[in-house]
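Proteins come first, then strands; the chains are lettered A, B, ... in the order of their sequence lines, and each starts at number 1.
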Number of protein chains: 2
Amino acid sequence: MSFAMDSTQVEEAFPAPLEDFRRQVNEKLRSSVDAVEPPRLREAMAYSLLADGKRIRPTLCLLTYEMFGHDVSIALPTACGLEMLHTASLIHDDLPAMDDDDFRRGSPSNHRVFGEGMALLAGDALLAYALEFILRNSGSLHPERQLGVMAKLIEVVGPSGLSGGQALDLDCQGRDEVDPWTVEEMHIKKTGALIEASVVTGAILGGASQDEIARLTTYARNLGLAYQIVDDILDETSSFQEVGKEVGQDRAAGKWTYPRLVGVEKARERVRTLITRAVEELDAFGERASMLRWAAGVVSGRAAA
Amino acid sequence: MSFAMDSTQVEEAFPAPLEDFRRQVNEKLRSSVDAVEPPRLREAMAYSLLADGKRIRPTLCLLTYEMFGHDVSIALPTACGLEMLHTASLIHDDLPAMDDDDFRRGSPSNHRVFGEGMALLAGDALLAYALEFILRNSGSLHPERQLGVMAKLIEVVGPSGLSGGQALDLDCQGRDEVDPWTVEEMHIKKTGALIEASVVTGAILGGASQDEIARLTTYARNLGLAYQIVDDILDETSSFQEVGKEVGQDRAAGKWTYPRLVGVEKARERVRTLITRAVEELDAFGERASMLRWAAGVVSGRAAA
């Protein structure tokens with residue numbers, strides 16, 4: 001199966017279109033906050049938003065859009081908005097009151113540079129600006145489609161997404177025991193929801209049918225959960241150089257993760273199961289879904305590395 | 001002029017409909033977060049949201065809606081969303097990294113009860129949930145109208161609203177000198193934007209014309225700025241018992257306010273000018289705008305108290 005290839009192999013197999021997506025996203029992001037006032041807030045927003053990142057969420061959105069639509073520029077504002085939401089959540093997660101991380105993407109975290117107050121506001125501002133930026137650049141879209149995208153992204157930020165997942169994480173820290181379902185719910189909200197929204201907004205913008213959206217939702221939910229488990233595996237097995245942030249901190253902070261709950265090997269097994277389920281949903285799309293299959297392969301490959 | 005009456009007189013003149021609005025808003029708010037998960041996040045959100053408040057923003061929204069529409073229940077979800085946004089900003093403002101306030105609405109502030117991390121997340125969650133709650137309860141509205149409301153509220157949270165105003169505030173603290181225009185911009189973003197949105201969303205939901213929305217925007221912008229100046233005057237002249245939070249802290253924190261910049265008397269004069277401008281915009285609406293005139297009178301009355 002193609003998704004069992006390791007990440008280097010698959011990256012070599014599909015280099016050009018993804019590099020092009022990443023370039024387009026980075027270019028659009030660079031100009032996205034130019035007009036933001038006041039200046040100090042703009043600097044804080046831009047510092048984290050324009051830091052080197054893999055742009056996984058925008059790429060998933062564009063890849064999914066391309067299965068249905070032709071003009072990728074239609075989905076580009078939403079792709080950028082997804083990266084803004086992701087960045088906002090990273091800024092807040094790194095704050096001393098949360099994970100207290102000093103580094104992110106290989107550089108000092110936002111509050112280390114701009115102070116806690118400004119970092120808090122930069123996160124708030126990016127949460128809203130993501131939606132503002134999408135709306136402002138989606139004037140040509142049918143209002144129903146714009147509302148569909150808004151509703152999905154708003155849900156991602158709220159209690160059933162990022163903030164709910166983080167709250168569960170915070171609430172479980174220091175507990176002696178947590179059941180696997182709670183850990184899974186936490187991961188689905190904390191990471192899965194935004195990955196899911198990346199795929200689903202791409203599908204909505206491309207005009208996918210309800211049935212297609214349902215299949216892609218299942219694909220993305222499984223992929224997103226697998227992605228978070230891989231992240232936690234890497235936190236236990238990698239170095240600072242490899243991931244660009246401090247590692248081994250989850251366990252030190254008393255956080256509950258899959259590897260802590262069941263061990264690294266069982267966690268890898270869970271990743272394989274989730275990726276298989278994700279890829280099964282793509283059968284109905286045939287060749288059109290080859291890039292989404294590839295994305296699942298990359299996650300699978302990182303877990304095995 | 002009616003708006004020169006003091007607040008007791010005008011409150012006596014229009015008691016019933018406002019008390020009824022407040023009751024309807026409180027009732028809807030009480031059930032609004034019942035289904036939120038996880039439980040600890042719900043508790044933190046509900047703690048601040050359901051604290052006793054004047055519900056000024058929801059009331060302004062409903063009053064404006066009533067000038068155009070008939071069925072107030074149409075505007076009630078948006079009215080509640082406005083209160084959620086306001087509450088979210090209060091929770092974040094009170095955090096140690098921001099204003100470091102221990103009390104709010106007469107009770108311990110959110111982070112004093114739930115911890116800084118959970119308070120941060122309760123704020124994030126309420127920002128998003130405000131929009132989620134409105135969308136979920138506005139299914140019967142035309143998509144264009146829903147989008148108009150969303151766009152206005154999203155702008156309020158972003159750099160041109162709450163987070164931008166707070167960033168400017170933070171940036172000016174400790175400076176030796178700040179010009180009046182910067183202080184005014186800060187107030188317009190920090191307080192004016194949400195007051196403006198309360199009125200404008202009411203107008204959008206009621207089906208007001210572009211010209212009517214423009215007039216009401218000017219009314220609300222002036223009212224909102226006046227409201228913030230009055231708040232700052234009261235911070236210098238009132239007691240804890242009167243306002244339900246610690247007072248005299250703005251000056252102690254090196255914050256820039258109108259009273260600090262020009263003194264309490266000149267600040268009161270500015271309030272009068274702003275209220276006069278606000279009320280002028282209501283002429284075109286005749287008797288329909290009597291409650292908005294009354295609202296302006298209350299702000300005017302608080303300044304004179």
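For chain A, the nearby parts of B:L131 are the backbone and the side chain; heavy atoms of each come within less than 4.5 Å. Proximity to chain B is limited to the side chain of A:L127, based on heavy atoms less than 4.5 angstrom apart. Contact annotation for B:M186: neither backbone nor side-chain heavy atoms come within less than 4.5 Å of a heavy atom of chain A. Of the two parts of A:L162, neither the backbone nor the side chain holds a non-hydrogen atom closer than 4.5 Å to a non-hydrogen atom of chain B. In this structure, the portions of A:L121 lying under 4.5 Å from any heavy atom of chain B include both its backbone and its side chain.
Of all heavy-atom pairs between B:L41 and A:G164, the closest is CD2-CA, 3.8 Å. Annotation for A:V36 and B:P159: closest pair CG1-CB, 3.7 Å, computed over non-hydrogen atoms.
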So which donor and acceptor atoms of chain B and chain A come within less than 3.5 Å of each other?
residue	atom	partner	partner atom	Å
B:E37	O	A:K189	NZ	3.4
B:H92	ND1	A:D124	OD1	3.3
B:H92	ND1	A:D124	OD2	2.7
B:D124	OD1	A:H92	ND1	3.3
B:D124	OD2	A:H92	ND1	2.7
B:K189	NZ	A:E37	O	3.4

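Partners of A:A208 by side chain to side chain contact (heavy atoms under 4.5 Å, CB included), not counting sequence neighbours, listed by chain and number: A:F68, A:A203, A:E212, A:I213.
Among B:I154, B:L153, B:V157, the residue making the largest number of heavy-atom pairs under 4.5 Å with chain A is B:I154. Heavy-atom pairs under 4.5 Å with chain A were tallied for B:G161, B:A97, B:P39, B:G158; the largest tally goes to B:A97. Each of A:M45, A:M98, A:M150 has some count of heavy-atom pairs under 4.5 Å with chain B, and the biggest count is that of A:M98.
Of the inter-residue distances, the one linking B:M118 atom CE with A:L170 atom CG reads 5.0 Å to the nearest 0.5 angstrom.
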